[in-house]
Amino acid sequence: MAHFTKQTLALAAIGATVLLAGTGCELRQAMYDQPKLRPMKASEFFEDGKASRLPVEGTVARGHLQDDPHLFDGRIDGQFADSFPFEITDEVMKRGQQRYNIFCAPCHDAAGTGNGMIVRRGFKQPTSFHDQRLVDSPEGYYYNVIRNGFGVMMDYSAQIPVKDRWAIIAYIRALQYGQRASLADVPEQFRADLEAVR
Amino acid sequence: MAQVFHPAANIIARLSIVVGLGGLVGTLVLFDALQKSDYVTEVNMPREQIVPFSHKHHAALGLDCRYCHTSVEDGAFAGIPPTKTCMNCHSLIWNEAPILEPVRESWRTGTSLEWNRVHDLPEFVYFDHSVHLNAGIGCTDCHGRVDEMPLVWKEKTLYMTFCLECHRQPEKFVRPRDQVFNMAYEKPANQLEVGAELVRVHNINTSNHRLLDCYKCHR
């Protein structure tokens, strides 16, 4: 009889340990996965299953009032703007170069001739930025292509914020000048650098 | 009355003490090893996904991390790209591949692709990508060589002890800001010197061990 009691005790002890460990894990898990909603989580509360809500149509967030048609639409008096809405500084140009290489170069390639990696893999080839039609196109035209897309190119409005779009256009202009410029156009102190590359 | 215990019972009694204690310690050691094992931490375990998206392939094409993870520099969350980002290219490339049917279905119906999260921090931890990038912490410091992963796996446990390694001595890890997205970046031999200078330049305030304050991550 005593033997039986011992066994029961041992079993009970093991059972209790497992139970405790189990609740411990469960509690810890409850802290790991809290009912609060983080970005891009799923939620059963809303019909579309998404936790994140879109703002009500017509909502304007602070600082996002698009009251400057030149900056936000690339247009002046309804026509494509042929100038930049803010000064293109060295900093803006470098930002444009970086953003161009991230978002545009996959198709347009680093020099803007339209032979990027995605094109070489079968995407429709875009017109070269050095094509006369595009060289003559106003800045606002480029802005509208980035924002609204063109042909098979989808719009990049979600991926590229407004100021970056203009920075990219500035860099495209630099690429275009680069293809047409001669050594004489380069300030004297930089000529040696160019010769070295050649 | 006959003796209840045989003389051999002495040995059994002594042995049971040793075995009992050993068993207890053994169980604890085993439990600890299990907690740190890849099985529990999910380190080195590629995660199945609804579409077998290969970071390795897309990075080899020359796509920058930021082409898809657009908010990584400005926001807490790096951002999982919307289906539209896939369709930027896959409207024309591999546009009949059966493997991409879930992407096309998502595009047609407007329903989200449900990706399995690989790096899932506990929700009592506050983490902000932009702060870390601006401080000079590279993608690979936490995510490993994602550009060499077909299906993504966790390279680090992301346990608190992992975070503290750097919060104790950021100079051991910090790199120049323009190297943050360089997947092949290797620390210089004199990292501690370079790092200490970068910590200063990047305005990382380590006075009073403030990077170790509880509220830094638990708020």
Side-chain angles (χ1 to χ4, degrees), chain A residues 2-3 6 10 13-14 17 21 24-25 28-43 46-52 94-95 98-107 109-110 116-125 149 151-161 164, chain B residues 4 20 23-24 27 31 34-35 40 57-95 107 109-117 120-127 129 178 181 218:
Chain A
H3 189 68
K6 253 187 205 167
I14 293 171
T17 315
C25 285
R28 197 173 75 163
Q29 211 49 51
M31 297 278 284
Y32 270 60
D33 303 314
Q34 299 170 11
K36 68 180 174 190
L37 299 169
R38 286 197 163 181
M40 298 197 182
K41 257 197 157 184
S43 162
F46 298 107
E47 231 174 62
D48 60 5
K50 297 173 193 167
S52 308
K94 290 212 165 93
R95 173 84 182 172
Q98 187 198 51
R99 297 291 127 171
Y100 176 92
N101 285 328
I102 294 172
F103 294 108
C104 313
C107 287
D109 82 44
M117 178 60 88
I118 306 303
V119 172
R120 278 178 268 156
R121 294 196 151 243
F123 206 83
K124 186 170 184 287
Q125 185 171 30
V152 292
M153 172 184 155
M154 294 220 207
D155 73 89
Y156 277 70
S157 55
Q159 278 163 286
I160 310 176
D164 282 351
Chain B
V4 179
L24 189 70
T27 313
F31 197 70
L34 181 72
Q35 281 294 306
V40 170
H57 170 76
H58 288 83
L61 290 179
L63 288 178
D64 191 281
C65 310
R66 292 163 283 185
Y67 185 89
C68 303
H69 304 293
T70 49
S71 55
V72 72
E73 287 172 299
D74 315 306
F77 190 51
I80 305 295
T83 303
K84 176 165 172 292
T85 304
C86 309
M87 296 305 283
N88 280 351
C89 298
H90 290 293
S91 58
L92 288 186
I93 292 182
W94 292 90
N95 60 359
W107 181 240
T109 59
T111 50
S112 303
L113 281 168
E114 289 189 32
W115 300 99
N116 289 320
R117 192 132 190 200
D120 193 9
L121 282 180
E123 291 183 358
F124 46 78
V125 178
Y126 173 91
F127 177 84
H129 272 95
D178 60 1
F181 291 92
H218 305 292

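Protein chains get the first letters and strands the later ones, always in sequence-line order, with residue 1 at the start of each. These numbers come from the heavy atoms of this one structure, side chains and all, not from hydrogens, waters or symmetry mates.
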Max heavy-atom pair count under 4.5 Å with chain B, selected residue of A:I160, A:D33, A:I102, A:D48: A:I102

In terms of heavy-atom pairs under 4.5 Å with chain B, which of A:Q34, A:M117, A:K50, A:R121 leads? A:Q34

When you compare the side chain of A:F103 with that of B:T70, does any pair of heavy atoms fall below 4.5 Å? yes

Given side chains that start at C-beta, do those of B:K84 and A:D155 come closer than 4.5 Å, heavy atoms only? yes

Region of [X] that comes under 4.5 Å of a non-hydrogen atom in chain B:
| X | result |
| --- | --- |
| A:K36 | both |
| A:M31 | both |
| A:R38 | side chain |
| A:N101 | neither |

Flag if over 12 foreign heavy atoms under 6.0 Å of NZ, A:K94: no

Around B:E114, counting heavy atoms of other residues, nucleotides and ligands shown, do more than 12 lie under 6.0 Å from its CD? no

Distance (rounded to the nearest 0.5 Å) between [X] [atom1] and [Y] [atom2]:
| X | Y | atom1 | atom2 | answer |
| --- | --- | --- | --- | --- |
| B:N88 | A:Y156 | CG | OH | 4.0 Å |
| A:I118 | B:L92 | CD1 | CG | 11.0 Å |
| B:R66 | A:R99 | CZ | CZ | 5.0 Å |
| B:C89 | A:M154 | SG | CE | 9.0 Å |
| B:I93 | A:F123 | CD1 | CZ | 6.5 Å |
| B:W115 | A:M40 | CH2 | CE | 12.5 Å |

Report which part of B:L61 has an atom under 4.5 Å of a heavy atom belonging to chain A: side chain, backbone, both, or neither. both

Let me know if B:F77 has heavy atoms under 4.5 Å from chain A in its side chain, its backbone, both or neither. side chain

Who among B:T85, B:T111, B:N95 has the most heavy-atom pairs with chain A under 4.5 Å? B:T85

